[in-house]
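What follows is one structure encoded as C-alpha cells, with my remarks underneath.
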Amino acid sequence: MTNKSVTRRGVLKSGAVAGTGLALPTIFTASSAAAYTNEPTGGSVTLGFNVPQTGPYAEEGNDELLAQQLAVEHLNGEGDGGCLNTFTSKALKGNGILGKKVEFVTGDTQTKSDAARASAKSMIEKDGAIMINGGSSSGVAVAVQGLCQEAGVIFMAGLTHANDTTGKDKKANGFRHFFNAYMSGAALAPVLAAEMGNDRRAYHLTADYNWGWTQEESIVASTEALGWETVNTVKTPLASTDFSSYITPVLNSGADVLVLNHYGGNMVNSLTNAIQFGLLDKVANGKDFKIVVPLYSELMAAGAGENIKGVLGSMNWNWQLQDEGTKAFVKSFGEKYGKPPSNSAQTCYAQVLLYADACERAGTFNPCGVVEALEDFEFDGLGNGPTWYRGADHQCFKDVLVVRGNMNPTNAYDTLEIVEITPRAQVEYDPEHPMFAGGALGECNPGA
C-alpha cells in the first residue's frame, strides 16, 4: 500500500483560488471567516447521504443508506468496526473524523437529476454537509458532481457506471469507486467469446439516458472487436415498465444475442418480457439464442428470479468474494441487517471510509487537502483486492467480476455465481481514451 504523503499544496491552492475570486460558489453564502464551505467548528461533522429512496432504483438506494449508516457507526467507534480492521490505511481510529463525531443527513434523489441536485443543495446549505455520498444513476451522479464542484464540497459517487462520470464530465471535487461501462466490456468480452464464439449477431435494448448510451457504446465496441455484428441498437424510455413491444422486433431481426443495457426495475421487466417471449428457447442462425445483462446487481438478480439463470453479466463486487475486506464487511452488514450487502451498498460504505481516511491523512476537512490525499492513493482491505484511485480522472481501478445467474441456487441470496475475477490490468485504459475524452478535471474548489 502507498499511503501518499500529503503536502500543503492542496490547502495553498485553495487559498490562491479564493484569493483571486476564481471558481467561487454561486449558490452559497458561506461566512467570510470560514476557510472552506461548511468548515466544521463544533464537536461534530455532518455528511450528506443522497440516495434514491423512491423511484425505479429505490431498492438500491435503501441498501446504500443501510451501508452508509453502518460506516458512520464504525467511524464513531460503534459496532464491530467492520473494514476499519482490514483497511490497509490505519489512519482511522474509531473516534470520528479528526476527533469530531460523525453525523449524517439524508436526501431522496428519486433517480431524477433535478431532485438529486435539490436534495444535495439543501443538505449543503441548510444542514452544513461537508461531503455528499451515494446515488444510483449516472445522470444523477453527473448532476450532483457538478453541483458539489460549484459548492466547494467533496462528492463521493455511489453507483454510477457511465463512462462520462470520470470521462467528459469528471470534476476535481468528484470521485468514483464503482467500475464503469468500459470495464464491463473489457471484462465480459473474453468470457462471451469463450462461451458463445466469435460469430454472433447482437441486438441491443438500451435505457435512453447517459448511462445506457455509454454502456451500449462500450459493449458494442468490445463485442465487435471479437467479430460480432451489431444488428440494431434501440433506445427505451427510463420510465418503461412493459418492454413487450420492444421484444417482438428482436425475433425477426436475424439476431442471436439480446443485450439488455437496462438496470434495476427496467432490467427485471425487460428480461422477464424476453423470457415470456421464449427467446432463450429459440435457435437463430443455427445457434442457441443468448441474453446478456452487462451490469448486474444482487438486488436485480433477486427481482428477476428464475429468469436470470444462466445469463452472463459483470459486477463491481459480490458478497461471495473471499478477501479479508469483503468478509469483514459482509459479517458486519449481515449481523446488523440479516442479509448480505449488495454491491451498491459496498461501494457507498467504502466511499465513506475512503473520504474519512483522506481527511485524517490530510489533517483537514478542506476539500483541496482531501483531493490531494485521494489522488493516486493505493489501498487494500475494502474488497476486490489492491485498488488504485487514479489521480488523472478520479476513477478507481480494481478487479472486475464476470458473473452468471445461478442455475442451482441454495438460498434466496445465492442468485449469482462468480465466473471470473478479471485482473485489474485487463480493464485499465488511458485517461485520454476516446470513450473518456473531452472535459477537464479542473482545479479543486474549496468554496468559501
Val352 and Leu47 have their tightest heavy-atom pair at CG1-CD1, 4.1 Å

Query - salt_bridge(Asp393, Arg390) N-O dist < 4.0 Å - result: yes

### Side chains of Leu260 and Leu258 in contact at under 4.5 Å (non-hydrogen atoms)
yes

The residue among His204, Glu216, Glu224 that forms side chain to side chain donor-acceptor pair (under 3.5 Å) with Thr230 is Glu224

Here the gap from Asn261 atom CG to Asp208 atom CG, rounded to the nearest 0.5 Å, amounts to 11.5 Å

Residues passing the side-chain contact (heavy atoms from CB on, under 4.5 Å) test with Lys112, sequence neighbours excluded, are Gln110, Ala115

In terms of heavy-atom contacts, Cys444 and Val371 come closest through CB-CG2, 4.0 Å

Here the pair of heavy atoms bringing Gln53 nearest to Asp108 is N-OD1, 2.8 Å

Does Gln426 reach the side chain of Pro423, with side-chain heavy atoms less than 4.5 Å apart?
yes

Spell out, as yes or no, whether a donor-acceptor pair under 3.5 Å connects the side chain of Thr206 to the backbone of Lys235.
no

When rounded to the nearest 0.5 Å, the distance separating CE of Met123 from CZ of Phe104 is 11.5 Å

Looking only at heavy atoms, the pair that brings Gln322 and Gln320 closest together is NE2-O, 3.1 Å

| Do Phe365 and Tyr36 have ring centroids that are under 6.0 Å from one another? | no

TODO: Answer yes or no on whether Arg176 is positioned over the face of Phe155, meaning its NZ or CZ is under 6.0 Å from the six-membered ring centre and within 45° of the axis.
DONE: no

Output for pair (Phe178 CZ, Ser344 OG), nearest 0.5 Å, gives 7.5 Å

Those residues at least two apart in sequence (or on a different chain) that pass side-chain contact (heavy atoms from CB on, under 4.5 Å) with Glu73 are Leu70, Glu78, Lys336

Quiz item: Does Asp63 come within less than 4.0 Å of Lys339, counting only side-chain N to carboxylate O?
Solution: yes

Would you call the rings of Phe436 and His433 parallel, tilted or perpendicular, where under 30° means parallel and over 60° means perpendicular?
perpendicular

Hits for side-chain contact (heavy atoms from CB on, under 4.5 Å) against Ser297, two or more places apart or cross-chain, chain-then-number order -> Glu60, Tyr263, Leu299, Met300, Asn343

Open item on the list: Measuring only between side-chain heavy atoms, which start at C-beta, is Pro341 closer than 4.5 Å to Val330?
Closed with: yes

- Task: May I ask you to decide if Phe329's main-chain N or O and Tyr349's side chain share a donor-acceptor pair within less than 3.5 Å?
- Result: no

Partner of His262 under ring pair (Phe, Tyr, Trp, His ring centres under 6.0 Å), picked from Phe243, Tyr57, Tyr246, is Phe243

All heavy atoms of Leu374 vs all of Leu354, minimum pair found to be CD2-O, 3.8 Å

- Query: Should we say atom CD of Glu59 is surrounded by more than 12 heavy atoms from elsewhere, each under 6.0 Å from it?
  - Reply: no

For Leu441 and Gly391 the tightest heavy-atom approach is CD2-O, 3.5 Å

- Message: Could you walk me through whether Val402 and Tyr296 satisfy the side chain to side chain contact (heavy atoms under 4.5 Å, CB included) test, starting with their C-alpha distance in whole Å, then the side-chain angles of each, then the deciding distance to 0.1 Å, before giving a yes or no?
- Response: CA-CA 9 Å; Val402 177; Tyr296 258 134; over 6 Å; no

| said: So does Asp169 get a backbone contact from the side chain of Asp164, meaning a donor-acceptor N/O pair under 3.5 Å? | reply: no

Notebook entry, point to check: Are any side-chain N or O atoms of Asn384 and backbone N or O atoms of Asn316, one a donor and one an acceptor, separated by less than 3.5 Å?
Noted result: yes

Residue pairs meeting salt bridge (charged side-chain N to carboxylate O under 4.0 Å, His left out), one or both in residues 317-334, sequence neighbours left out, come to Asp80-Lys331, Glu324-Lys327, Lys331-Glu335

Rounding to 0.5 Å, atoms CG (Leu401) and CD (Glu417) come to a distance of 12.5 Å

Aromatic contact, Tyr389 with Phe377 (centres under 6.0 Å)
no

Distance-only donor-acceptor pairs under 3.5 Å for side chains of residues 92-103, two or more places apart:
unit_1, atom_1, unit_2, atom_2, d
Lys93, NZ, Lys90, O, 2.8
Lys100, NZ, Gly42, O, 2.5

Thr387 and Glu378: side-chain donor and acceptor closer than 3.5 Å?
no

Got a list of side-chain donor-acceptor pairs under 3.5 Å for residues 127-144, not counting sequence neighbours?
unit_1, atom_1, unit_2, atom_2, d
Asn133, OD1, Gln68, NE2, 2.5
Asn133, ND2, Met156, O, 3.2
Ser137, OG, Gly139, N, 3.3
Ser137, OG, Val140, N, 3.3
Ser138, OG, Thr160, OG1, 2.9
Ser138, OG, His161, N, 3.0
Ser138, OG, Ala162, N, 2.9

Q. Do any N or O atoms from the side chain of Asn445 and from the backbone of Gln149 form a donor-acceptor pair under 3.5 angstrom?
A. yes

Heavy-atom side-chain contact between Cys148 and Ile154 under 4.5 Å:
no

Exercise for review: Taking the side chain as every heavy atom from C-beta outward, state whether Ile124 and Val153 have any pair of such atoms under 4.5 Å apart.
Suggested key: yes

Given 3.5 Å as the limit, does a donor-acceptor pair link the side chain of Ser314 with the main chain of Ser184, or not?
no

Is it the case that the side chains of Ser218 and Asn163 hold a donor-acceptor pair, with the cut-off being a distance below 3.5 Å and no angle test?
yes

Here the gap from Trp213 atom CH2 to Thr233 atom OG1, rounded to the nearest 0.5 Å, amounts to 13.0 Å

A quick test of your reading: do over 12 heavy atoms of other residues, nucleotides or ligands sit less than 6.0 Å from CG of Asp114?
no

task = Start with the C-alpha gap between Leu75 and Leu353, add the side-chain angles, then the distance that decides, and say whether side chain to side chain contact (heavy atoms under 4.5 Å, CB included) holds.
result = CA-CA 8 Å; Leu75 290 174; Leu353 295 195; 3.8 Å; yes

May I ask you to decide if Ala157's main-chain N or O and Gln145's side chain share a donor-acceptor pair within less than 3.5 Å? no

Rounded to the nearest 0.5 Å, the CG atom of Leu147 sits from the NZ atom of Lys171 at a distance of 11.5 Å

Does a side-chain heavy-atom distance below 4.5 Å link Ser332 with His74? yes

| task | Could you check whether the rings of Trp211 and Tyr209 sit parallel, tilted or perpendicular, using 30° and 60° as the cut-offs? | result | tilted

Verdict with supporting geometry, Leu312 and Val293, side chain to side chain contact (heavy atoms under 4.5 Å, CB included):
CA-CA 6 Å; Leu312 285 167; Val293 176; over 6 Å; no

*Is a side-chain donor or acceptor of Asn85 paired with a backbone partner of Ala328 at a separation under 3.5 angstrom?*
no

Query raised in the report: Do any N or O atoms from the side chain of Ser240 and from the backbone of Asp242 form a donor-acceptor pair under 3.5 angstrom?
Result: no

ask   = Ring centroid separation for Tyr429 and Phe397, is it under 6.0 angstrom?
value = yes

Side chains of Thr347 and His177: donor-acceptor distance under 3.5 Å anywhere?
-> yes

N/O donor-acceptor pair under 3.5 Å between Asp380 side chain and Phe87 backbone:
no

Original post:
Any luck finding a side-chain donor-acceptor pair between Thr109 and Asn50 under 3.5 Å?
Top reply: no

